[in-house]
Amino acid sequence: MELSVLNQSDNNNDKDESRIEVCPGNGSCSDHNMQNATEDIGLLSDAQGAERNGAHYIVRNLPDDSSGQSSDKPLGNLGRLKNELREPVCWKLKVWMLILIIFTVIILAIFLSIYFCSVPQKDVDDEYNIKEFIIPRFFRGNFTLLNKHLTLDAEAQSELEQKLTHIYTSSYALGRYFSIAQVNPLRNSNFSVEYNLTFMMPTEHQQIIEYTLSKEMVYSVLLQQLSDVDPGLDPLYIDPTSLMMEVGS
């Protein structure tokens with residue numbers, strides 16, 4: 001068997017290509033009316049046709065989004081919060097305005113409370129005229145000094161009077177009514193002392209006698225002050241257990 005060389009064309013379809021026209025990319029052949037075919041068939045929209053053919057398509061008359069966001073774009077948490085704060089509540093007040101007003105009122109109330117608490121309030125009981133206290137009330141009694149070796153001379157008597165005066169003038173309830181205190185040594189004793197207390201009251205003094213300047217009240221103030229003193233620090237220490245008191249005339 002002999003082998004012979006065959007002359008083969010580079011393209012097996014040369015003969016067919018010579019007889020068949022190349023069809024355009026839109027599927028219509030050259031022997032058809034291209035203009036009528038594309039105008040009559042409206043299967044694709046202008047935008048889709050232009051996209052398929054690689055042409056640029058210009059979109060006209062799109063509505064503007066005044067909010068700055070696309071209508072089909074989902075809002076985040078911050079965006080929803082802003083929209084809720086801008087919602088009207090009543091009249092022209094919006095939510096954020098109402099919140100601001102509430103916070104302002106709370107802060108103002110706190111500052112006013114602090115201010116009024118810091119301002120000293122005047123007590124009606126502290127307003128009195130000492131010149132109206134013209135009715136005297138007397139108390140007398142006796143007590144024993146713990147230092148039995150003390151000689152009760154004039155200087156010691158003056159110190160005891162000052163001590164009694166300080167006790168009653170420093171009392172909030174009795175200080176305004178107190179007038180004078182006097183002490184005298186008892187006969188035949190160097191450590192037993194007799195005292196006299198004088199208080200002044202206004203003309204209307206019935207309730208003062210029953211409550212403020214009662215014997216129980218005056219006695220309790222003196223006894224409490226004497227009980228708080230350290231006996232080792234006061235040479236004129238008064239024995240609280242020896243204290244006696246009665247209303248004078």
Side-chain angles (χ1 to χ4, degrees), residues 63-137 139 161-181 197-234 237-238 240 243 245:
D64 295 333
D65 189 359
S66 59
S67 64
Q69 296 180 349
S70 176
S71 59
D72 57 350
K73 183 179 180 180
L75 293 174
N77 294 333
L78 183 59
R80 286 195 298 270
L81 180 60
K82 289 182 179 179
N83 292 335
E84 292 176 357
L85 291 176
R86 292 171 183 169
E87 292 181 358
V89 178
C90 60
W91 194 44
K92 295 183 179 181
L93 289 178
K94 297 183 179 180
V95 176
W96 68 269
M97 295 180 182
L98 188 61
I99 295 174
L100 184 61
I101 291 173
I102 292 174
F103 273 102
T104 303
V105 171
I106 293 174
I107 294 173
L108 185 62
I110 293 173
F111 276 102
L112 288 178
S113 301
I114 296 174
Y115 172 76
F116 285 115
C117 290
S118 61
V119 174
Q121 301 294 328
K122 290 184 178 181
D123 191 355
V124 179
D125 295 336
D126 292 338
E127 298 178 358
Y128 58 91
N129 187 4
I130 194 66
K131 294 180 180 180
E132 297 178 356
F133 296 176
I134 57 177
I135 307 299
R137 182 167 174 80
F139 294 90
E161 291 175 353
Q162 292 179 5
K163 176 185 257 186
L164 294 176
T165 301
H166 175 72
I167 289 174
Y168 283 108
T169 55
S170 61
S171 172
Y172 179 77
L174 305 180
R176 71 189 67 180
Y177 305 108
F178 181 77
S179 177
I180 191 172
L197 304 174
T198 304
F199 295 86
M200 302 300 291
M201 302 177 296
T203 306
E204 299 179 358
H205 56 271
Q206 186 61 37
Q207 290 186 350
I208 297 176
I209 291 176
E210 292 179 0
Y211 301 103
T212 307
L213 289 180
S214 63
K215 188 187 78 170
E216 293 77 11
M217 183 68 174
V218 177
Y219 177 82
S220 298
V221 170
L222 181 57
L223 181 63
Q224 180 65 40
Q225 293 294 327
L226 295 178
S227 300
D228 294 339
V229 177
D230 188 356
L233 300 177
D234 188 3
Y237 179 76
I238 300 172
L243 182 63
M245 181 180 291

Once side-chain hydrogen bond (donor to acceptor under 3.5 Å, both in side chains) is applied, do any residues pair with Q224, and if so which ones, sequence neighbours excluded? D228

For residues 103-114, tabulate all N or O donor-acceptor pairs below 3.5 Å that involve a side-chain atom, not counting sequence neighbours.
from: T104; atom 1: OG1; to: L100; atom 2: O; distance (Å): 2.7
from: S113; atom 1: OG; to: A109; atom 2: O; distance (Å): 2.8

Say you draw a straight line from CZ of F133 to CE of M201; how long is it, rounded to the nearest 0.5 Å? 10.5 Å

CG on L222 to CG on L243, rounded to 0.5 Å: 5.0 Å

Side-chain (H166) to main-chain (L164) donor-acceptor, under 3.5 angstrom: no

In this structure, NZ of K163 is separated from CG of D234 (nearest 0.5 Å) by 3.5 Å

Would L197 and M245 count as a side chain to side chain contact (heavy atoms under 4.5 Å, CB included) if you check the C-alpha gap in whole Å, the side-chain angles of each, and the deciding distance to 0.1 Å? CA-CA 10 Å; L197 304 174; M245 181 180 291; 4.2 Å; yes

Side-chain donor-acceptor contacts of residues 213-221 below 3.5 Å, not counting sequence neighbours, with atom names and distances?
from: S214; atom 1: OG; to: Y211; atom 2: O; distance (Å): 3.2
from: S214; atom 1: OG; to: M217; atom 2: N; distance (Å): 3.3
from: S220; atom 1: OG; to: E216; atom 2: O; distance (Å): 2.7

Mind checking side chain to side chain contact (heavy atoms under 4.5 Å, CB included) for E132 and listing every partner two or more places apart, or none if nothing turns up? N129

Partners meeting side-chain hydrogen bond (donor to acceptor under 3.5 Å, both in side chains) with E204 (sequence neighbours left out): none

Could you measure the distance from the OG1 atom of T212 to the OH atom of Y177? Nearest 0.5 Å is fine. 5.0 Å

So, using ring pair (Phe, Tyr, Trp, His ring centres under 6.0 Å) as the criterion, who are the partners of F199 when residues are at least two apart? F139, Y168, F178

Tell me every residue that passes side-chain hydrogen bond (donor to acceptor under 3.5 Å, both in side chains) with D230, counting only those two or more places apart in sequence or in another chain. none

Does P240 reach the side chain of V229, with side-chain heavy atoms less than 4.5 Å apart? no

Taking everything shown except Q207 itself, do over 12 heavy atoms lie less than 6.0 Å from its CD? no

Side chain to side chain contact (heavy atoms under 4.5 Å, CB included) evaluation trace for I167 with L226: CA-CA 9 Å; I167 289 174; L226 295 178; 4.3 Å; yes

